[in-house]
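Notes follow once the structure below has been shown.
Each ligand, and each atom within it, is numbered from 1 in the order the structure gives. Source: prediction; values computed, not measured.
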Amino acid sequence: KTVCVTGASGYIASWLVKLLLTRGYTVKASVRDPKDPKKTDHLLKLDGAKERLHLFKANLLEDGSFDAAVDGCEGVFHTASPFYHNVTDPQAELIDPAVKGTLNVLGSCSKASSVKRVVVTSSMAAVGYNRRPRTPDVVVDETWFTDPDLSKETKSWYVLSKTLAEEAAWKFTKEKGLDMVTINPAMVIGPLLQPTLNTSAEAIANLLNGSQTYPNSSFGWVNVKDVANAHIQAFEIPSANGRYCLVERVAHFSEIVEILSKHYPSSHLPQKCVDDKPFVPIYQVSKEKFKSLGLDYIPLEQSLLETVESLKEKNFIGGSSSN
Ligand code: NDP
């Protein structure tokens with residue numbers, strides 16, 4: 001079977017390509033710059049790549065850019081979307097590539113008669129960023145939606161980009177009768193395959209790289225291998241549908257530091273929270289839909305250890321912080 005992965009050089013997508021190749025798929029992988037070895041070398045070295053990986057050049061903001069990559073594919077995994085926080089022009093840097101890019105990819109899918117299902121990498125950012133109260137008993141699930149007005153008010157542009165992109169995707173696929181499933185992970189951690197540091201792994205690297213304080217935030221956390229496998233199961237299982245929240249556990253950064261301190265006692269981890277306010281409360285995220293894909297979560301503690309070991313190996317954290 002042939003499938004397409006957009007944004008193949010990214011953190012999540014690299015794992016997706018690896019696991020698809022392992023399962024015997026032929027993968028048409030889109031990258032922005034196929035000539036940049038930093039974006040492609042690690043993909044070309046994967047088992048099965050020589051025989052079954054094909055690179056295509058495509059940009060989210062160029063109309064029709066994905067036609068060639070999508071053509072002839074039964075499944076399309078749309079992961080490409082900018083994920084960073086320091087932006088000067090949120091519309092141009094985050095929102096346009098997320099929203100127009102998603103519609104661009106879905107447009108290619110609706111033209112290709114081979115496409116049976118599209119799996120879009122959305123985010124918990126499109127699920128839970130609203131004013132509904134959070135306590136340890138509250139269970140967030142796939143029926144929740146982010147409030148775009150709140151993300152505008154708080155200038156949470158990445159959150160807004162993912163929310164608007166998912167909204168536009170549901171509207172488009174309903175109109176065109178395209179079968180779409182979305183995967184909505186929270187903070188993704190675990191081993192890095194790509195040689196560059198992505199935003200979510202950076203949150204852990206920062207803690208080990210001399211930060212004096214940790215953020216007063218509680219996030220859901222999930223292992224990148226679980227995220228990649230969920231994408232594949234969502235394509236392979238005919239009855240898979242709708243959205244899939246992916247969170248193994250919600251934890252405040254104080255808990256992340258506590259777990260890391262246990263395993264890396266000689267590292268210089270921050271001992272203080274960035275502010276004196278009460279800790280942002282934790283909450284639950286329903287695991288039912290994820291489990292219906294026949295998967296089980298890798299525990300947060302293991303995911304953290306895998307992340308740190310990988311960050312050390314790739315020299316993203318200094319020698320003094322390693323144990
Ligand atoms: P990465 O930054 O590693 O990957 C992002 C990918 O998007 C890269 O391949 C990048 O290409 C591509 N991209 C960005 N802009 C464009 C563009 N204009 N045209 C073509 N490609 C573009 O991030 P992740 O792997 O973490 O994220 C992948 C997806 O998962 C995104 O949709 C993100 O929103 C989502 N997600 C991530 C989470 C996380 O915690 N990591 C959590 C929830 C969702 P290039 O390499 O050329 O820059």
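The two residues Y264 and E309 come nearest to each other via the heavy atoms OH-OE2, 2.6 Å. Here the shortest heavy-atom pairing between F290 and D296 reads CE2-C, 3.7 Å. Minimum heavy-atom separation, E142 to C245: OE2-N, 2.8 Å.
The N/O atoms of M124, backbone and side chain alike, include none that comes under 3.5 Å of an N/O atom in ligand 1. Backbone and side-chain nitrogen or oxygen atoms of Q194 are examined, and none is located within less than 3.5 angstrom of a nitrogen or oxygen of ligand 1. The shortest N or O to N or O distance between F66 and ligand 1 is not under 3.5 Å.
Heavy-atom separations between A58 and ligand 1 include at least one value shorter than 4.0 Å. Close to ligand 1: A186, with a non-hydrogen atom less than 4.0 angstrom away. Ligand 1 has S122 within reach: a non-hydrogen atom of the residue lies less than 4.0 Å from it.
With hydrogens left out, the protein atom closest to atom 43 (C) of ligand 1 is P185 O, 3.2 Å, a heavy atom. In terms of protein heavy-atom proximity, atom 3 (O) of ligand 1 is nearest to Y11 N, 2.8 Å. The nearest heavy-atom contact from the protein to atom 18 (N) of ligand 1 is N59 OD1, 3.3 Å. Protein heavy atom nearest atom 4 (O) of ligand 1, with residue, atom name and distance: G10 CA, 3.5 Å. Protein heavy atom in closest approach to atom 37 (C) of ligand 1: I12 CD1, 3.6 Å.
With 3.5 Å as the limit, one finds a donor-acceptor pair spanning the side chains of H78 and T102. Looking at N241 and R117, their side chains never bring a donor and an acceptor atom within 3.5 Å of each other. D141 and S286 are not linked by any side-chain donor-acceptor pair at a separation below 3.5 angstrom, with hydrogens and angles left out of the test.
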Practice problem: Please step through side chain to side chain donor-acceptor pair (under 3.5 Å) for the pair T163 and Y129, ending with a clear verdict. | Solution: CA-CA 9 Å; T163 305; Y129 201 82; over 6 Å; no

Exercise. I would like to know whether Q284 and D137 meet side chain to side chain donor-acceptor pair (under 3.5 Å); could you show each step before the answer?
Key: CA-CA 7 Å; Q284 322 250 342; D137 300 329; 5.6 Å; no

Exercise. Would you please test S122 and R243 for side chain to side chain contact (heavy atoms under 4.5 Å, CB included) and show each step?
Key: CA-CA 9 Å; S122 185; R243 316 166 91 195; 5.5 Å; no

Quiz prompt | side chain to side chain donor-acceptor pair (under 3.5 Å) between Q194 and S9, intermediate numbers included | solution = CA-CA 7 Å; Q194 85 284 4; S9 45; over 6 Å; no

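Partner of P270 under the side-chain contact (heavy atoms from CB on, under 4.5 Å) criterion, out of L208, L207, N206: L207 alone.
Close approach to G7 involves these atoms of ligand 1, each under 4.0 Å from a residue heavy atom: 9 (O). Within ligand 1, counting atoms from 1 as listed, the ones closer than 4.0 Å to a heavy atom of S9 are 9 (O), 46 (O). The ligand atoms of ligand 1 that sit less than 4.0 angstrom from a heavy atom of S81 are 5 (C), 7 (O), 14 (C), 31 (C), 32 (O). Close approach of ligand 1 to V188 (heavy-atom distance below 4.0 Å) involves ligand atoms 38 (C), 39 (C), 40 (O), 41 (N), 42 (C). Which parts of ligand 1 touch S200 is read off a 4.0 Å heavy-atom cut-off, strictly below it: atoms 39 (C), 40 (O), 41 (N). Listed by number with element, the atoms of ligand 1 under 4.0 angstrom from any heavy atom of T121 are 29 (C), 30 (O), 32 (O), 35 (C).
With hydrogens and angles disregarded, a donor-acceptor distance shorter than 3.5 Å links the side chain of D226 to the backbone of I298. Judged purely by atom type and a 3.5 angstrom limit, K287 uses its side chain to pair as donor or acceptor with the backbone of E248.
For atom 46 (O) of ligand 1, the candidate residues are K39, K100, K57, H78; the nearest heavy-atom contact is made by K39. Nearest to atom 39 (C) of ligand 1 by heavy-atom distance, out of F83, W221, Y84, is F83. The residue among R32, H231, M187 with a heavy atom at the shortest distance from atom 47 (O) of ligand 1 is R32. Which of V31, D36, L60 comes nearest to atom 17 (C) of ligand 1 through a heavy atom is settled by distance: it is L60. If you check each of T6, T79, T40, L16 against atom 31 (C) of ligand 1, the one with the closest non-hydrogen atom is T79.
Aromatic rings from F253 and F219 are positioned such that their centres are separated by under 6.0 Å.
With a 4.5 Å cut-off on side-chain heavy atoms, N184 and E166 count as touching.
Here K162 has side-chain heavy atoms under 4.0 Å from ligand 1, and that is the only part of it that gets that close. With a 4.0 Å cut-off on non-hydrogen atoms, Y158 touches ligand 1 through its side chain and not its backbone.
Inside a 4.0 Å radius of atom 41 (N) of ligand 1 there is at least one protein heavy atom.
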